[in-house]
Amino acid sequence: MNNLAVRGGAGDITNPKSGVRPQDNLYLAVNSDWLKTIEIPADRSSMGSFGKIDENVEKQLMQDFADLADGKKVIPDLPNLDKAVALYKVARNFDKRNSEGAEPIQADLKKLLNLKDFVDFKNKALELDKAGFPLPLLFGVEPDMKNTKINILKNVGPSTILPDTVTYQTEAKEQLLPIYQKQTVNLLEMAGLSSNDAEKYVEKALEYDERIAKVVKSSEEWADYPASYNPMSLADFAAKFKSYDIVRHIEGLVGMKPDRVIEADPGYLDHAEELFNATVFEEIKGWMLARFINNVASTLSADFRKAAFPFSQALYGLAELSSGEKQAYRLANSRFSEIVGIYYGQNYFGKDAKADVIDMIHKMIKVYEKRLAENSWLSKATRDKAVVKLQALELKIGYPEKSEEVYNRFKVDESVSLYENTVVNNRLAQEYEYEQLPKPVDRTVWAMPGNLVNACYDPQRNDLTFPAAILQKPFYDLNQTRSENYGGIGVVIAHEISHAFDNNGSQFDELGNMVNWWQDEDYAEFKKRIQAEIDLFDGIQYGPVKLNGKLIVSENIADQGGLTAAVHAAKGEGDASMQELFENFARVWAIKQKEEAIKSITAVDVHAPGPLRANVQSQCQEEFYKAFDVKPGDGMYLEPEKRVEIW
């Protein structure tokens, strides 16, 4: 290999190559042979360590759902699991779905087609919103960032058709929008519209989408989480909608007149009047029809599912549509996610594993406390506040003991169409969300279900969630060495803890409130280190794209802190093998991706691509250089002044 000291190691990290030394490219040295043999399933855009676990979990649960639906297994006494199985049966009944064709959506389609003018739209928009139709308005309820004991109403505005606003400035726009256009015209024709009408509506939809893309936030801007907190009085919010009575809409939607609204995207709000007036009515109508038909196609026949596939196929490079059986499971799992997660946890998550992981978490928190105490760039006042936040962390491991109340409200009627079941439950979910507005925040709610291969930190609850599904190989296994477990789940644990102190999480206190607990000089130094982390990744070539360091900085800070803490925790065990730790860290991030997926995902994902997470963070660890005797001239050697350390 060429001996160039580069960020991410020498060579093309997306191209597996046997015989690579870890000193030149750790990721390729560990994963190349595996990557050469792994196949990307036809209905996926990538496959890697995360994906392999997810695929195995899904296969297991798909089999269980089939057995429960067919009576081969007795449905256990788990509240609402019977509803999940019933929805699976409705979704799996493709004979019924195929025979119904577009019939289930006709009444709702007519509600949109019959909109005559802007006055008619204004009179009906509230009911359309409550019925789940797509509107260029989107409200939600979440904890108030500055007082997380109470809920508040938030407005986020509409999303674009393409993954990110930046995509509209690239050649991808000319490649992707025509595919969406053709797909949507076809779907509307299948639903009964004439070719002329379908083409006219979709043309107007694209004009409206172009308006939206010019005013809403980019993915990079959304990555600045605290910047979405823009509280304003209801009167000031309403003043932005001169042609539309937004106060009436809000009152009708949430059943009360809130004093304040949080605007997540001020740029959108400043242009709200341009998006809500009589001159753009035809565009609004076309946009709603286009969004509606693309949204509902998955609940209809196999022909509709196929017809709605080309756009996502082009976005992510998928070879084929997922099977009907898989879609049926995914629909049931999506609607009843927490219930399915509890079922998975009760059946497949061992108590020994849970106890061992809890022990690792507590050790990792102790390591963080020690590192904070010894920190050289923070004042004692800031360090003390950080330790208070650390000690207040709530742990959610495996799966919740009880599910959220909303699942008791969902209804499944096997005698009606999948579409009708979907509409009813969407409405019930929306009603439940708005009911939370006057209520205190429920801090027991889990952010992730037990069968999800992931983990998270919630800054507004100051809690860590580790679903049962991620607690398996290569992340974690009772039979792996402790060093390997530290390189896997240990890093994941410390990564999530580090989010409490990344560029976003650092702005929230131990109660999850957005409060400045930093001394000014400490935060000034922290900002320098944030910029160094941005620069560390910015512009690195990954396949067909260059990375945007600002978009991915929060996750990279968490990776940096996570790996550092895991290394120190492992060293505290006495006989740790640093080679095993770094090798398993690299193994965790193994992934093979379609080029289309790389382009689409890196435009919006706040995480760096896995291979670069493995290599660049390892390049910043002194223990990595010692473990593999990495020297100047080796591909993984990064000059000391270019290495970044924050936590």
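Here the structure is a predicted model, which is why all the values come from computation and not from measurement.
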Undergrad: How far apart are the closest heavy atoms of V606 and A223, and which atoms are they?
TA: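 Looks like CG1-CB, 4.0 Å.
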Undergrad: I'd like to know if the side chain of E596 and the backbone of A314 have a donor-acceptor N/O pair within less than 3.5 Å.
TA: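 No, the answer is negative, given that no donor and acceptor are paired below the 3.5 Å cut-off.
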Undergrad: What is the distance from atom CG of L87 to atom CG of N425, rounded to the nearest 0.5 Å?
TA: 7.0 Å
Undergrad: Taking Q593 for the side chain and S46 for the main chain, is one N or O donor matched with an acceptor at less than 3.5 Å?
TA: no
Undergrad: May I ask you to check whether Y225 and D502 show a side-chain donor-acceptor distance below 3.5 Å?
TA: no
Undergrad: Is the NZ atom of K306 crowded by more than 12 outside heavy atoms at less than 6.0 Å?
TA: no
Undergrad: Would you name the heavy atoms of K89 and A69 that are closest together and state the gap between them?
TA: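 K89 and A69 have their closest heavy atoms at CG-CB, 3.6 Å.
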Undergrad: Does K154 reach the main-chain N or O of E142 with its side chain, forming a donor-acceptor pair under 3.5 Å?
TA: no
Undergrad: Determine whether more than 12 heavy atoms belonging to other residues, nucleotides or ligands lie under 6.0 Å from atom NZ of K396.
TA: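 Yes, the 6.0 Å shell around NZ holds more than 12 heavy atoms from other groups.
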Undergrad: Would you say the ring centers of Y343 and Y399 fall short of 6.0 Å from each other?
TA: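 When the ring centroids of Y343 and Y399 are compared, they turn out to be at least 6.0 Å apart.
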Undergrad: Just by distance, with hydrogens left out, do R482 and N485 show a side-chain donor and acceptor under 3.5 Å apart?
TA: no
Undergrad: Quick one: list whatever passes ring-ring contact (aromatic ring centres under 6.0 Å, His included) with Y476, sequence neighbours left out.
TA: none
Undergrad: Give a yes or no on whether a salt bridge exists between R409 and E431, defined as a side-chain N under 4.0 angstrom from a carboxylate O.
TA: no
Undergrad: Do you know the tightest heavy-atom contact between N295 and S298?
TA: O-OG, 3.7 Å
Undergrad: Indicate yes or no for a side-chain donor-acceptor contact from E484 to the backbone of T481 under 3.5 Å, with no hydrogens or angles considered.
TA: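 Flag set: sc E484 to bb T481 pair under 3.5 Å.
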Undergrad: How about I358 and H362: do any of their side-chain heavy atoms sit closer than 4.5 Å?
TA: yes
Undergrad: Do you know which of T564, L563, N556 makes side chain to side chain contact (heavy atoms under 4.5 Å, CB included) with Q560?
TA: T564
Undergrad: Which heavy-atom pair separates R291 from S159 by the least distance, and what is that distance?
TA: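 Where R291 meets S159 most closely, the heavy atoms are NH2-O, 2.8 Å.
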Undergrad: Please tell me whether Y368 and Q391 have a donor and an acceptor in their side chains that are separated by less than 3.5 angstrom.
TA: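 Checked: Y368/Q391 side chains show no N/O donor-acceptor pair below 3.5 Å.
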Undergrad: Assess the side chains of N98 and S301: does a donor N or O sit below 3.5 Å from an acceptor N or O?
TA: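 Result is no, nothing qualifies.
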Undergrad: Distance-only, no hydrogens or angles: does the K592 side chain make a donor-acceptor pair with backbone N or O of L35 under 3.5 Å?
TA: yes
Undergrad: What pairs of residues pass the ring-ring contact (aromatic ring centres under 6.0 Å, His included) test when at least one of them lies in residues 441-461, not counting sequence neighbours?
TA: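 Pairs touching residues 441-461 that pass the test: none.
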Undergrad: Could you tell me whether R330 and D54 make a salt bridge, using a distance below 4.0 angstrom between a side-chain N and a carboxylate O?
TA: no
Undergrad: What I'd like to find out is whether the side chain of P163 reaches to under 4.5 Å of the side chain of L315, using heavy atoms alone.
TA: yes
Undergrad: How long is the gap from CD on E401 to CD on Q346, to the nearest 0.5 Å?
TA: 8.0 Å
Undergrad: Closer than 4.0 angstrom, basic N to acidic O: yes or no for R443 and D458?
TA: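 No, no charged N to carboxylate O under 4.0 Å.
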Undergrad: Flag the pair D43 / L321 as yes when at least one side-chain heavy-atom distance between them is below 4.5 Å, and no otherwise.
TA: no
Undergrad: Rounded to the nearest 0.5 Å, how far apart are CZ of F304 and CG of N294?
TA: 11.0 Å
Undergrad: Angle between ring planes, F292 versus F133, binned at 30° and 60°: parallel, tilted or perpendicular?
TA: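 Ring orientation of F292 relative to F133: parallel.
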Undergrad: Please report the closest heavy-atom contact between V90 and D413, naming both atoms and the distance.
TA: CG2-O, 4.2 Å
Undergrad: Verify the distance criterion only: is there a donor paired with an acceptor across the side chains of R305 and S322 at less than 3.5 Å?
TA: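 The criterion, which ignores hydrogens and geometry beyond distance, is satisfied for S322 and R305.
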Undergrad: Hey, which of E580, E573, K363 is the one that makes side-chain hydrogen bond (donor to acceptor under 3.5 Å, both in side chains) with Y486?
TA: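 By the side-chain hydrogen bond (donor to acceptor under 3.5 Å, both in side chains) criterion, Y486 pairs with just one of E580, E573, K363: E573.
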Undergrad: Taking the side chain from R97 and the backbone from A91, do they hold a donor-acceptor pair closer than 3.5 Å?
TA: yes
Undergrad: Counting only N and O atoms by type, is there a donor-acceptor contact under 3.5 Å from the side chain of N513 to the main-chain atoms of D509?
TA: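 Not at all, since once roles are kept as given, no pair shorter than 3.5 Å links the two residues.
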Undergrad: With a 6.0 Å cut-off (strictly less than), is the heavy-atom count around CG of D77, excluding the residue itself, greater than 12?
TA: no
Undergrad: Check for a donor-acceptor pair, side chain of E103 on one end and backbone N or O of E100 on the other, with a separation under 3.5 Å.
TA: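 No, because the side chain of E103 does not come within donor-acceptor range (under 3.5 Å) of the backbone of E100.
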Undergrad: With a 4.5 Å limit on heavy-atom distance, are the side chains of I557 and W647 in contact?
TA: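 The answer is yes, as the side chains (C-beta and beyond) meet within the 4.5 Å cut-off.
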Undergrad: Centre of F501's six-membered ring, under 6.0 Å away, within 45 degrees of the axis: is that where NZ or CZ of K389 sits?
TA: yes
Undergrad: To the nearest 0.5 Å, tell me how far H495 NE2 sits from Q617 CD.
TA: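 Going from the NE2 atom of H495 to the CD atom of Q617 covers 10.0 Å.
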Undergrad: Taking the side chain from D477 and the backbone from N479, do they hold a donor-acceptor pair closer than 3.5 Å?
TA: yes
Undergrad: State the CD1-NZ distance between I601 and K594, to the nearest 0.5 angstrom.
TA: 11.5 Å
Undergrad: Could you tell me whether the side chain of L471 reaches within less than 4.5 Å of the side chain of I397, counting heavy atoms only?
TA: yes
Undergrad: Nearest 0.5 Å please: distance from the CD atom of Q472 over to the CD1 atom of I489.
TA: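 Here the interatomic distance stands at 10.0 Å.
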Undergrad: When you compare the side chain of N426 with that of R335, does any pair of heavy atoms fall below 4.5 Å?
TA: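 Result yes, sub-4.5 Å side-chain heavy-atom pair found.
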Undergrad: Thinking salt bridges, do E55 and K52 make one under a 4.0 Å N-O criterion?
TA: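 Salt bridge present between E55 and K52.
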Undergrad: Is a donor from one side chain sitting under 3.5 angstrom from an acceptor on the other, for H568 and E623?
TA: no
Undergrad: Should we say atom CD of E405 is surrounded by more than 12 heavy atoms from elsewhere, each under 6.0 Å from it?
TA: yes
Undergrad: For K73, I'd like to know if atom NZ has over 12 heavy atoms of other residues, nucleotides or ligands within 6.0 Å.
TA: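 Counting neighbours around NZ of K73, more than 12 heavy atoms of other residues, nucleotides or ligands fall under 6.0 Å, so yes.
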Undergrad: Over 60° means perpendicular and under 30° means parallel, so tell me whether F336 and Y407 are parallel, tilted or perpendicular.
TA: tilted
Undergrad: Taking the six-membered ring for Trp, are Y344 and F349 ring centroids under 6.0 Å apart?
TA: no
Undergrad: Any donor-acceptor pair under 3.5 Å linking the side-chain atoms of N408 with those of N80?
TA: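 The criterion, which ignores hydrogens and geometry beyond distance, is satisfied for N408 and N80.
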Undergrad: Within a strict 4.5 Å, meaning less than it, do heavy atoms of the S219 and L551 side chains meet?
TA: yes
Undergrad: State, yes or no, whether a side-chain contact exists between L26 and F624 at a heavy-atom distance under 4.5 Å.
TA: yes
Undergrad: Would you say K411 has more than 12 foreign heavy atoms packed within less than 6.0 Å of its NZ?
TA: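 Incorrect, the count does not exceed 12.
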Undergrad: Does any N or O in the side chain of S600 come within less than 3.5 Å of the main-chain N or O of A597, such that one atom is a donor and the other an acceptor?
TA: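 Checking the backbone N and O of A597 against the side chain of S600, no donor-acceptor pair under 3.5 Å is found.
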Undergrad: Write down the atom of S554, the atom of N504, and the distance for their closest heavy-atom approach.
TA: CB-ND2, 4.0 Å
